[in-house]
Peer 1: 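Sharing a structure below in structure tokens format, with a few things to ask.
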Amino acid sequence: MHSRIQLLSLDFDGTLVSRAGEPVLDAQCMELIRELQDAGAIWAINTGRSVDLLESGLADFSFPIRPDFILTEERDVFRPGQNGDKWEAFGDWNERCAREHRELFSSASGVLAEVIDFVTQKTQARVIYEPDGPAGLIANSEEEMNLVTEFIEQARARHPKLDYQRNTVYLRFCHADYHKGAALAELARLIEVPRENIFTAGDHHNDISMLDGKFAAMPSCPANAIGEVKTAVRAAGGYVAEKTHGAGVYEALMHFASR
Ligand SMILES: [Mg+2]
């Protein structure tokens with residue numbers, strides 16, 4: 001298959017993978033990605049999952065094909081390992097990203113503490129701690145998450161580099177310069193694929209940075225995407241599918257592959 005698509009950046013949960021029921025994977029979508037890979041296109045999964053959680057997902061859902069690259073936790077860039085490891089950092093991006101996050105969480109500790117106070121006192125949401133401090137949180141409902149993000153939006157006005165990635169009831173604190181779009185841009189720079197030849201698909205808040213047209217000329221979303229995502233995709237001249245999950249990704253790939 002000859003197409004304009006040279007790089008695919010696809011979200012995992014809710015986009016490639018249906019969490020709404022069977023089938024979890026769309027067979028036609030898998031087959032089309034395989035064909036595009038055979039024709040030389042590069043497939044990256046761009047997810048909020050960690051490397052380990054993504055690997056368990058690929059195994060649990062019996063993926064028939066392997067991604068060429070993975071972009072994890074909405075920020076890190078990995079290529080296949082050269083020394084027996086499954087994946088290894090691609091370039092120095094992950095190192096820079098980790099350093100900037102350490103500096104950010106230290107300089108924004110006051111604002112972060114206010115957010116944690118609000119969350120623990122006014123909501124039932126659970127804060128997730130990592131060795132370096134609070135990493136994110138899990139709310140009990142999307143409504144509760146709306147309350148939390150409203151509070152963060154006010155609090156971060158005093159420290160705009162402190163941002164967050166939101167996916168359903170999950171939230172991860174992050175540096176404003178690091179998100180799925182930035183990780184995709186770094187991968188595209190390293191493998192030298194221009195914006196015009198990049199296809200993206202995602203369904204939630206944390207996908208908008210790769211769907212707004214800035215880093216990819218062919219953004220798309222499945223029908224199950226939230227309203228904000230559909231609006232962003234339309235505004236960027238992308239494709240909003242009529243079908244959900246993988247079937248929607250297939251539809252969007254066919255839309256762009258044929259032109
Ligand atoms: Mg998703």
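Every heavy atom of this structure was used, including side-chain atoms; hydrogens, water molecules and symmetry mates were not. Residues take their numbers from the sequence shown, with the count starting at 1.
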Peer 1: Short question: side chain of Thr15, backbone of Phe12 - any donor-acceptor pair under 3.5 Å?
Peer 2: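 Looks like no, no N/O pair under 3.5 Å.
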
Peer 1: With side chains defined as the heavy atoms from C-beta onward, is the minimum distance between Gln6 and Pro194 less than 4.5 Å?
Peer 2: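 Yes. Closest side-chain heavy atoms under 4.5 Å.
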
Peer 1: With the 4.5 Å side-chain cut-off for hydrophobic clustering, are Val119 and Val169 part of the same group?
Peer 2: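 Different clusters.
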
Peer 1: Looking at His179 and Gly181, would you say the former's side chain and the latter's main chain have a donor-acceptor pair under 3.5 Å?
Peer 2: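 Such a contact is found between His179 side chain and Gly181 backbone.
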
Peer 1: Is it the case that the side chain of Asp76 and the backbone of Thr72 share a donor-acceptor pair, with hydrogens and angles ignored and the cut-off at 3.5 Å?
Peer 2: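 Judged by distance alone, no pair lies under 3.5 Å.
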
Peer 1: Go through Met30 and Phe63 one step at a time and tell me if the side-chain contact (heavy atoms from CB on, under 4.5 Å) criterion holds.
Peer 2: CA-CA 8 Å; Met30 290 295 115; Phe63 263 70; 3.8 Å; yes

Peer 1: Would you mind reporting whether Glu35 and Leu32 have side-chain heavy atoms less than 4.5 Å apart?
Peer 2: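 SC-SC contact between Leu32 and Glu35 confirmed.
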
Peer 1: Can you get from Leu211 to Leu187 by hopping between Ile, Leu, Val, Met, Phe, Trp and Tyr side chains that sit under 4.5 Å apart?
Peer 2: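 In one cluster: yes.
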
Peer 1: So, taking the atom named OG in Ser109 and the one named CD in Glu114, what distance separates them when rounded to the nearest 0.5 Å?
Peer 2: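 Output value for this atom pair is 11.0 Å.
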
Peer 1: Do the non-hydrogen side-chain atoms of Glu103 and Lys161 ever get within less than 4.5 Å of each other?
Peer 2: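 No; the side chains remain at least 4.5 Å from each other.
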
Peer 1: Answer yes if Leu25 and Met254 sit in the same cluster of Ile, Leu, Val, Met, Phe, Trp and Tyr residues linked by side chain heavy atoms under 4.5 Å apart, and no otherwise.
Peer 2: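 Both belong to a single hydrophobic cluster.
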
Peer 1: Side chains of Asn140 and Gln124: donor-acceptor distance under 3.5 Å anywhere?
Peer 2: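 No pair is found: no donor N or O on one side chain lies under 3.5 Å from an acceptor on the other.
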
Peer 1: Are Asp11 and Lys180 within salt-bridge range, i.e. N to O under 4.0 Å?
Peer 2: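 Salt bridge flag = yes for Lys180 with Asp11.
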
Peer 1: In terms of side-chain heavy atoms, does Ser107 have a donor or acceptor partner in His159 at a distance below 3.5 Å?
Peer 2: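 Short answer, yes.
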
Peer 1: If you take all heavy atoms of Pro134 and Ile116, which pair is closest and at what distance?
Peer 2: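 Result for this residue pair: CB-CD1, 3.8 Å.
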
Peer 1: Mind telling me whether Phe118 and Phe151 have parallel, tilted or perpendicular rings, with 30° and 60° as the class edges?
Peer 2: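 Parallel.
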
Peer 1: Take atom CZ in Phe61; do more than 12 heavy atoms of anything else shown fall under 6.0 Å from it?
Peer 2: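 More than 12 within 6.0 Å, yes.
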
Peer 1: What is the minimum heavy-atom distance between Asp203 and Pro222, and which atoms define it?
Peer 2: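 So the two residues come closest at CB-CG, 4.3 Å.
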
Peer 1: Compare all side-chain heavy atoms of Leu253 with those of Ile33 and state whether any distance is below 4.5 angstrom.
Peer 2: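 A side-chain contact exists here, since the closest heavy-atom pair is under 4.5 Å.
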
Peer 1: Hey, mind stepping through Tyr170 and Asn206 against side-chain contact (heavy atoms from CB on, under 4.5 Å) and telling me if it holds?
Peer 2: CA-CA 10 Å; Tyr170 302 95; Asn206 62 336; over 6 Å; no

Peer 1: Working to the nearest 0.5 angstrom, can you tell me the gap between Ile191 CD1 and Leu7 CG?
Peer 2: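 If I round to the nearest 0.5 Å, the distance is 4.5 Å.
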
Peer 1: Quick check on Glu95: does its CD atom have over 12 non-hydrogen neighbours (other residues, nucleotides or ligands) under 6.0 Å away?
Peer 2: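 Atom CD in Glu95 is not packed in, count stays at 12 or less.
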
Peer 1: What I want to find out is whether Glu100 reaches Arg75 closely enough, with some N-O distance under 4.0 Å, to be called a salt bridge.
Peer 2: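 Answer for the salt bridge query: no.
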
Peer 1: Of all residues at least two apart in sequence or in a different chain, which pass the salt bridge (charged side-chain N to carboxylate O under 4.0 Å, His left out) check with Glu55?
Peer 2: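 Glu55 satisfies salt bridge (charged side-chain N to carboxylate O under 4.0 Å, His left out) with Arg66, Lys86 once adjacent residues are dropped.
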
Peer 1: Using modelled atom types and a 3.5 Å cut-off, is there a donor and acceptor pairing between side-chain atoms of Glu251 and backbone atoms of Glu242?
Peer 2: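 Side chain of Glu251 to backbone of Glu242, a donor-acceptor pair under 3.5 Å: yes, one is there.
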
Peer 1: Can you check whether His245's main-chain N or O pairs, donor with acceptor, with Asp26's side chain at less than 3.5 Å?
Peer 2: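 Pair absent, no side-chain N/O of Asp26 close to backbone of His245.
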
Peer 1: How long is the span from the CE atom in Met218 to the OG atom in Ser3, to the nearest 0.5 Å?
Peer 2: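 Met218 CE to Ser3 OG: 7.0 Å, rounded to 0.5 Å.
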
Peer 1: Kindly assign one of parallel, tilted or perpendicular to the pair Phe199 and Phe256, based on the angle between their ring planes and the thresholds 30° and 60°.
Peer 2: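 Aromatic pair Phe199/Phe256 classed perpendicular.
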
Peer 1: Decide if atom NZ of Lys230 counts as having more than 12 heavy atoms of other residues, nucleotides or ligands within a radius under 6.0 Å.
Peer 2: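 For Lys230, atom NZ is crowded (more than 12 foreign heavy atoms under 6.0 Å).
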
Peer 1: For residues Arg166 and Glu142, determine if any side-chain heavy atom of one lies less than 4.5 Å from a side-chain heavy atom of the other.
Peer 2: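 Result yes, sub-4.5 Å side-chain heavy-atom pair found.
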
Peer 1: Step by step, would you call Arg79 with Glu88 a side-chain contact (heavy atoms from CB on, under 4.5 Å)?
Peer 2: CA-CA 6 Å; Arg79 67 177 176 184; Glu88 67 181 22; 2.8 Å; yes

Peer 1: Using 4.0 Å as the upper bound for N to carboxylate O, is an ion pair formed by Glu192 and Arg189?
Peer 2: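 So Arg189 does not pair with Glu192 through a salt bridge.
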
Peer 1: If you define the side chain from C-beta out and look only at heavy atoms, does anything of Phe173 sit under 4.5 Å from Val115?
Peer 2: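 A side-chain contact exists here, since the closest heavy-atom pair is under 4.5 Å.
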
Peer 1: Do Ile152 and Leu171 touch side chain to side chain, with heavy atoms closer than 4.5 Å?
Peer 2: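 They are in contact (side-chain heavy atoms under 4.5 Å apart), so the answer is yes.
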
Peer 1: Measuring from Asp177:CG to Cys97:SG, what's the distance to the nearest 0.5 Å?
Peer 2: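 Separation between the atoms: 10.0 Å.
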
Peer 1: Working to the nearest 0.5 Å, report the span between NZ of Lys122 and CG of Leu147.
Peer 2: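 Rounded to the nearest 0.5 Å, the NZ-CG separation comes out at 11.0 Å.
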
Peer 1: Please work out whether the ring planes of Tyr178 and His175 are parallel, tilted or perpendicular, with thresholds of 30° and 60°.
Peer 2: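 Judged by the thresholds at 30° and 60°, the geometry between Tyr178 and His175 is perpendicular.
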
Peer 1: Distance only, no hydrogens: is a donor on one side chain within 3.5 Å (strictly under) of an acceptor on the other, for Glu74 and Tyr164?
Peer 2: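 On atom types as modelled, these side chains do not qualify, holding no pair under 3.5 Å.
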
Peer 1: Heavy atoms only: give me the nearest Leu184-Ala216 pair and the separation to one decimal.
Peer 2: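 It is CD2-CB, 4.4 Å.
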
Peer 1: Identify the two heavy atoms, one from Leu58 and one from Pro67, that lie closest to each other, and give their separation to 0.1 Å.
Peer 2: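 Looking at all heavy atoms of both residues, the closest pair is CD1-CD, 4.2 Å.
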
Peer 1: Is there a path of hydrophobic side-chain contacts, each under 4.5 Å between heavy atoms, that joins Tyr239 and Leu36?
Peer 2: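 Yes, because Tyr239 and Leu36 connect within a single hydrophobic cluster, where side-chain heavy atoms sit under 4.5 Å apart.
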
Peer 1: Using every non-hydrogen atom in the two residues, find where Asn224 and Gly14 come nearest and quote the distance to one decimal.
Peer 2: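 Asn224 and Gly14 have their closest heavy atoms at ND2-O, 2.8 Å.
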
Peer 1: Without swapping roles, check the side chain of Arg156 against the backbone of Leu162 for a donor-acceptor pair under 3.5 Å.
Peer 2: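 Here the side-chain-to-backbone pair exists.
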
Peer 1: Could you tell me whether the side chain of Asp212 and the main chain of Ala236 form a donor-acceptor pair under 3.5 Å?
Peer 2: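 No: the side chain of Asp212 does not pair with the backbone of Ala236.
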
Peer 1: What heavy-atom pair brings Val111 and Ala155 nearest, and what distance separates the two atoms?
Peer 2: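 Val111 and Ala155 have their closest heavy atoms at CG1-O, 3.6 Å.
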
Peer 1: Check the pair Met210 / Asn46 against side-chain contact (heavy atoms from CB on, under 4.5 Å), numbers first and verdict last.
Peer 2: CA-CA 9 Å; Met210 67 164 169; Asn46 201 336; 3.6 Å; yes

Peer 1: Using modelled atom types only, decide if a donor and an acceptor are shared between the side chain of Asn197 and the backbone of Ile5 within a distance under 3.5 Å.
Peer 2: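 No, the answer is negative, given that no donor and acceptor are paired below the 3.5 Å cut-off.
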
Peer 1: Donor-acceptor check, side chain of Arg195 to backbone of Gly213, threshold 3.5 angstrom: yes or no?
Peer 2: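 Present.
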
Peer 1: Same cluster or not: Ile208 versus Leu10, using hydrophobic residues (I, L, V, M, F, W, Y) connected whenever any side-chain heavy atoms lie under 4.5 Å apart?
Peer 2: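 They do not share one cluster, since no chain of ILVMFWY contacts under 4.5 Å joins Ile208 to Leu10.
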
Peer 1: Please report the interatomic distance CG(Leu137) to CD1(Ile128), rounded to the nearest 0.5 Å.
Peer 2: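 Atom-to-atom, Leu137:CG and Ile128:CD1 are 7.5 Å apart.
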
